[in-house]
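Taking it in order: structure first as structure tokens, then the write-up.
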Protein chains: 2
Amino acid sequence: MEQIGYGKSSADLDAIFAALADPTRRAMLTRLAEGEASVGELAAPFQISQPAISKHLKVLEKAGLVERAIDEQRRPARLNAEPMAEAVEWINYFKRFWGDSFDQLDELLVTLKAQKEEGKDE
Amino acid sequence: MEQIGYGKSSADLDAIFAALADPTRRAMLTRLAEGEASVGELAAPFQISQPAISKHLKVLEKAGLVERAIDEQRRPARLNAEPMAEAVEWINYFKRFWGDSFDQLDELLVTLKAQKEEGKDE
DNA sequence: CTGTTCCATAACTATATGGTTATAGAAAAT
DNA sequence: ATTTTCTATAACCATATAGTTATGGAACAG
């Protein structure tokens, strides 16, 4: 069941936040920000086994944070950061509780973004 | 061991993201955004037991997202959203991967915030 | 004093998570 | 044809997590 237009489901947020809750996975995402990487390349910086990395990749995939490709024997992973936007969106509701006057600037941002989006058909 | 000036440790991010990964806890935080609430008040909307709520509160406390007070028999919880800022900060590194030209505005924000913080002693 | 309300803690259960080693398949290299 | 490289999966283990019920303490209400 795909959500349509109402943002990610609570279950999606569960998966996204849970995926981000592990330091190895966060490091993997940081690595992927530099570009595609094979499983081996992702495993290299860590002392844990290759199967452990494959498991982490599966967690990241289920959260939608990573997509896989096929390149001969390799199954390179590439970053898909969009689900992070959903996480930030959820958190942003609370921004007023730590935001000083930062709030106002943020509202400006949202407004500008909204105006920009009016151009698209969505 | 308190971190000083270098942002939260990875362990802190673990705790923060993990705390946010549970829908009951997210709902509790949303409730607390409306103001302090006793354990009973927090438990009311859910079908789970009071001890389960107490456990969730402990998870939120360890993540620093909630602080407790003492009010006669009650142990009201109040929101402390600041750790969420650390989470967003971490995620923001990835913003360029989903942000359109939103980036530039965001950089402006960061700059302005930084300038503002120069005024404080920190 | 007695009872009630509010909450924490202990003890337990079931499931999830993060790791391991062993193994096997597919594609490339020789 | 054989070997090597890359990765996934299975089976297993230890610990963590999310829930339960039972219980008890502390503070108010009578």
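- Residue-to-nucleotide proximity on DNA chain D shows that, of B:Ser49 and B:Arg75, the 5′-proximal contact is made by B:Ser49.
- When the P atom of D:dA18 is taken as reference, atom CE of B:Met28 falls 12 Å away, rounded to whole Å.
- Looking at B:Trp98 and A:Asn80, their side chains never come closer than 4.5 Å, going by heavy atoms from C-beta outward.
- Under 3.5 Å, the side chain of A:Gln50 and the base of D:dA8 form at least one donor-acceptor pair of N or O atoms.
- Nearest-nucleotide positions on DNA chain C place A:Asp22 closer to the 5' end than the other of A:Asp22 and A:Glu72.
- Regarding B:Leu60, its CG atom lies at a distance of 13 Å from the P atom of D:dT17, rounded to whole Å.
- Of the possible polar contacts, none joining the B:Arg31 side chain to the B:Pro45 backbone as a donor-acceptor pair under 3.5 Å is found.
- At a cut-off of 3.5 angstrom, counting only N and O atoms as typed in the model, there is a donor on one side and an acceptor on the other between the side-chain of A:Gln73 and the base of D:dT5.
- Between the side chain of A:Arg25 and the backbone N or O of A:Ala18 there is at least one donor-acceptor pair closer than 3.5 Å.
- Residues B:Val59 and B:Leu57 are members of separate hydrophobic clusters, defined by side-chain heavy-atom contacts under 4.5 angstrom among Ile, Leu, Val, Met, Phe, Trp and Tyr.
- Contact check for A:Asp12 versus A:Glu86: no side-chain heavy atoms found under the 4.5 Å cut-off.
- C:dT21 atom P lies 12 Å from atom CD1 of A:Ile48, rounded to whole Å.
- The nearest whole Å value for the distance from the CG atom in B:Asp71 to the P atom in D:dA26 is 18 Å.
- Protein atom CZ of A:Phe46 is 17 Å distant from nucleotide atom C1' of C:dT20, rounded to whole Å.
- The shortest distance between the side-chain N/O atoms of A:Lys55 and the OP1/OP2 oxygens of C:dT20 is not below 4.0 Å.
- Of the side-chain N and O atoms in A:Arg68, one or more sit less than 4.0 angstrom from OP1 or OP2 of D:dA8.
- Within the structure, every side-chain polar atom (N or O) of A:Arg74 is placed at least 4.0 Å from both OP1 and OP2 of C:dA26.
- A sub-4.0 Å separation between OP1 or OP2 of D:dG19 and a side-chain N or O of B:His56 is present.
- Atom-to-atom, CD of A:Glu36 to P of D:dC6 comes out at 16 Å; the value is rounded to the nearest Å.
- Rounding to whole angstrom units, NZ of residue B:Lys58 and P of D:dA18 are separated by 14 Å.
- Between A:Ala52 and B:Pro51, the residue anchored closer to the 5' end of DNA chain C is B:Pro51, taking for each the nucleotide with the nearest heavy atom.
- Within the 4.0 Å cut-off from OP1 or OP2 of D:dT7, not a single side-chain nitrogen or oxygen of A:Ser54 is found.
- Rounded to whole Å, the distance from CD on B:Gln47 to P on D:dA18 is 18 Å.
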